[in-house]
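Order of listing sets the numbers, starting from 1, for every ligand and every atom in it.
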Amino acid sequence: MRTFYAAETALHSPNVFMLRGRLAPNEERAERAERLLTGLARLGLTPDEPAAAPAASLAAVHSPRYLDFLETAHAAWSQLPNAGDEVLANTQPRLADATYPASIVGRAGWHVGDHGSPIGAGTWQGARRAADTAVAAAEVTATGAPAYALCRPPGHHAARETAGGHCFLNNAAIAAEVLIAKGARPAILDIDVHHGNGTQSIFYERGDVLFVSIHTDPSVFYPFFNGYARECGTGAGEGANINMPLPLRAGDEPWLAAIRTALGHIETFGADSLVLSLGLDVHASDPLGGMSVTTEGIGRAGEILGGTGLPTALIQEGGYLSEPLTDNIAAFLGGFMETAR
Ligand SMILES: [Zn+2]
């Protein structure tokens, strides 16, 4: 299986995020990629470096002013008196008649949806290379073969013009748009422990792509405000958005059953290709503590998802710094390659 990774993604390695009122060490640091790469090496997989994707790939998903903000925010922030090292929003628009401000502090609030997504000096370059990685994988998938993109920062919490939850550019949505541009009818299956709220919002009114997310009950877990079963899409997208929340600390059995059910929905939709938002933070030892899935269960998911018969772009999402991250990516991809055609 082709795999892709861009070393420049390490330029984004945030220091802090807000956790229960304290600035805690950020768990989405560049070491994550090293642990994932070790897992790939264990399977004999050597990633290729992705080419730079055309700007149109990003513009298919994100607004011009948001892309401009991501590229320029850190430099503008650094000009502020007594500025910290990272852009951290300290106010967010709440009311419907909000106006887009000129101030970088205001714009940070407009475009950054929470306190988990600090923007540092290398964030734009890192996020941009992660998106390139997703595009490279999707281009392989468009030819009928599976491919894995080691994307970090992850992407599924990023909306059209908002960052959030460690995500800046929505790599899975960008990959889906590559497939759609080539005439495909893809489904996006998101198995990260968190609901893919950014991806959902991007495609919510669209009927040409199915979005299915399996995640921990958002009433008690991030992202809290979306991910409920009643959110089914709207307009042309009605019925093309399926949320399958599971109770907190769900283990292998309900998680694997939900994946099988999701594949039934994907078949009914008539998808001809799959974008998989692959979060390994479902594992019992992940620091975020949403599910209790085992490494064996993750391997089983790989076998199930490798056996769909659909060309699949595997896009790395979460899975934070923890010992088993290497074992888990090796288990998933090992299982996937066993059954993939
Ligand atoms: Zn996650």
Original post:
Of all N, O or S atoms in His194, which has the smallest distance to the Zn ion (ligand 1)?
Top reply: ND1

Subject >> Angle, OD2 of Asp281 through the Zn ion (ligand 1) to OD2 of Asp192 - 10° precision >> reply: 80°

**OP:** Could you give me the CA-CA distance, side-chain angles and deciding distance for Ser292 and Arg249, then say whether side chain to side chain donor-acceptor pair (under 3.5 Å) is met?
**Re:** CA-CA 5 Å; Ser292 304; Arg249 303 304 300 182; 3.2 Å; yes

Original post:
Under 6.0 Å between the ring centres of His195 and Phe225?
Top reply: no

Subject >> Distance flag, aromatic centroids of His215 and Phe221, threshold under 6.0 Å >> reply: no

Original post:
Under 3.5 Å, is there a donor-acceptor pair between the side chain of Asp217 and the main chain of Pro245?
Top reply: no

Subject >> Contact check: His156 to the Zn ion (ligand 1), N/O/S below 2.8 Å >> reply: no

